Amino acid sequence: MSFLLEDAGLTHANGFVALSGISLSAAQGENMALIGPSGAGKTSLLNTLGSSHLPTAGRMTVLQQTVSAHTSAAQLKALRSRIGTVHQAAPIPLRQRVITAVLAGKLGQWPLWKALASLAYPQDIPGAREALARVQLEDKLFARCDQLSGGQLQRVGIARVLYQQPGLILADEPVSALDPALSLATVQLLVQEAAARQATLVASLHAVDLALSCFERIVGIRDGRIAFDLPAAQVTQAQLQALYAAADGQIQPLPTMHNSTGGAAHAAIPAAAQALADSAASARICR
């Protein structure tokens, strides 16, 4: 078992309930996509799985480690070194060199002397170059991060996780700054990397077509709760319509790779959702 949440909840100090009654598990090597409207709780769920937020209700186990308010700082540090997180906006110091940002993926695994030495002189130039080549950025190895675009910084963050080789990969809108073709290629890379190493992959995605096409399992989240948890091929038009409906019940545009990046015009959910569900049932473009 990669992780297990049992009736888990997350309430912030100001009283805001971000997650409620979350029961979710994944076997080692499984991949799943989290979809749902903005503010549904997808990022909160990823942050909880990554132990950035500790659950305030229920129980959680991640990579065989029970996580709660009683978990020691040393245990949390050890656990986080085995979890790779791809952020929507990579938390990378802009004056840092790209190679240093990539090698930071293993700072939690290296002994202190090696981590400090790498700040003065990169300890694994070939390893960083290989990871960057996989996201088409090998020519930026020694560039400063403030010379990169937002999309390139996202890919540096992905290269860092590829270099880290964690047992659990958490990706929060990992391709939000990329065009549709590069988004697809990047998600394909994450899925293939996880499968090759039997790592578990959990990704929140804005584009529903990308999620349905590339992931085996789809978890719909709305208002901090799980709306459905199904194989991609079994997600229906009605479920997508309910997931993305406005508070007053009005049908909303279905977010896809094209209309989320300013491309094609929005399509109404019923027709688009059915086409996507049918496509997911018949083909897996990320395989």
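Since this is a predicted model, take the numbers as computed values, not measurements. For the numbers below, each heavy atom of this structure counts, side chains included, while hydrogens, waters and symmetry mates do not.
No salt bridge links R225 with D223; every basic N to acidic carboxylate O contact stays at or beyond 4.0 Å. No salt bridge links E130 with R134; every basic N to acidic carboxylate O contact stays at or beyond 4.0 Å. The pair K42-D172 does not count as a salt bridge, with every side-chain nitrogen at least 4.0 angstrom from each carboxylate oxygen.
Using modelled atom types and a 3.5 Å distance limit, the side chains of Q154 and S176 yield a donor-acceptor pair. Side-chain polar atoms of D7 and S23 form no donor-acceptor pair below 3.5 angstrom. No hydrogens or angles considered: nothing links the side chains of R59 and T66 as a donor-acceptor pair under 3.5 Å.
Side-chain atoms of Q152 come within 3.5 Å of backbone atoms of S149 as a donor-acceptor pair (strictly under, hydrogens ignored). For the pair T71 (side chain) and S68 (backbone), a donor-acceptor distance under 3.5 Å is present. Judged by distance alone, with hydrogens and angles left aside, the side-chain atoms of R80 form no donor-acceptor pair with the main-chain N or O of Q75 at under 3.5 Å. Judged by distance alone, with hydrogens and angles left aside, the side-chain atoms of R160 form no donor-acceptor pair with the main-chain N or O of G105 at under 3.5 Å. Between the side chain of T100 and the main chain of Q96, no donor-acceptor pair closer than 3.5 Å is present. Listed for the S204 side chain is no donor-acceptor partner under 3.5 Å among the backbone atoms of T43. With Q123 contributing its side chain and Y121 its backbone, the two residues share a donor-acceptor pair below 3.5 Å.
Within 6.0 Å of the NZ atom in K114, the count of heavy atoms belonging to other residues, nucleotides or ligands exceeds 12. Under a cut-off of 6.0 angstrom, the local environment of CD in Q136 is sparse, with at most 12 non-hydrogen atoms contributed by other residues, nucleotides or ligands.
Looking at heavy atoms from C-beta onward, S118 lies in side-chain contact with L103 at the 4.5 angstrom threshold. Contact of the L190 side chain with the P174 side chain is registered, since non-hydrogen atoms from C-beta on lie closer than 4.5 Å. No side-chain heavy atom of T85 sits less than 4.5 Å from a side-chain heavy atom of V161. Side chains of L162 and V135 form a contact here, defined as non-hydrogen atoms less than 4.5 Å apart. Between I35 and I221 the shortest side-chain heavy-atom distance does not fall below 4.5 Å. Under the 4.5 Å side-chain criterion, counting only non-hydrogen atoms from C-beta, L182 is in contact with R155. With contacts defined as side-chain heavy-atom distances shorter than 4.5 Å, the pair F228/V219 does not qualify. Contact check for L230 versus I218: no side-chain heavy atoms found under the 4.5 Å cut-off.
When all heavy atoms of L54 and A69 are compared, the closest pair comes out as CD1-CA, 4.0 Å. Closest of all the heavy-atom pairs between T200 and A26 is CG2-CB, 4.1 Å. Taking both residues in full, the closest heavy atoms of F215 and A232 are given as O-CB, 3.3 Å, listed atom of the first, atom of the second, then distance. Annotation for G36 and Y244: closest pair N-OH, 3.1 Å, computed over non-hydrogen atoms. Between Y163 and V102, the shortest heavy-atom contact is CD2-O, 3.6 Å. P166 approaches R82 most closely through the heavy-atom pair CB-O, 3.3 Å.
Under the 4.5 Å side-chain heavy-atom criterion for ILVMFWY residues, a single connected hydrophobic cluster contains both L132 and V175. Cluster membership check: L24 shares its hydrophobic cluster with I83, using side-chain heavy-atom separations under 4.5 Å among Ile, Leu, Val, Met, Phe, Trp and Tyr. Under a hydrophobic clustering in which Ile, Leu, Val, Met, Phe, Trp and Tyr are joined whenever their side-chain heavy atoms come within less than 4.5 Å, directly or via other members, L137 and L141 fall into the same cluster. Grouping the Ile, Leu, Val, Met, Phe, Trp and Tyr side chains by contacts below 4.5 angstrom, directly or via other members, places L34 apart from V86. Under a hydrophobic clustering in which Ile, Leu, Val, Met, Phe, Trp and Tyr are joined whenever their side-chain heavy atoms come within less than 4.5 Å, directly or via other members, I125 and L107 fall into the same cluster.
Once rounded to the nearest 0.5 Å, the distance linking CD of Q192 with SG of C214 reads 9.0 Å. In this structure, the separation between CD on Q28 and CG on L63 is 6.5 Å, given to the nearest 0.5 Å. Of the inter-residue distances, the one linking R144 atom CZ with I99 atom CD1 reads 16.0 Å to the nearest 0.5 angstrom. Remark: Q237 CD to L254 CG distance equals 10.5 Å, nearest 0.5 Å. How far OG of S44 is from CG of L49: 11.0 Å, rounded to the nearest 0.5 Å. The CD1 atom of I158 sits 6.5 Å away from the CG atom of L178 when rounded to the nearest 0.5 Å.
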Derivation of the side chain to side chain contact (heavy atoms under 4.5 Å, CB included) call for H12 and V17: CA-CA 6 Å; H12 293 297; V17 179; over 6 Å; no
Test side chain to side chain contact (heavy atoms under 4.5 Å, CB included) applied to L201 and L170, step by step: CA-CA 6 Å; L201 171 61; L170 305 174; over 6 Å; no
Intermediate values then yes/no, side chain to side chain contact (heavy atoms under 4.5 Å, CB included), I169 and V202: CA-CA 6 Å; I169 301 172; V202 184; over 6 Å; no
Stepwise side chain to side chain contact (heavy atoms under 4.5 Å, CB included) test for R217 and E30: CA-CA 8 Å; R217 182 176 167 190; E30 192 171 1; 2.9 Å; yes
Audit row: R95, D146, salt bridge (Lys or Arg N to Asp or Glu O under 4.0 Å) steps and yes/no: CA-CA 6 Å; R95 299 187 65 180; D146 58 8; 5.7 Å; no
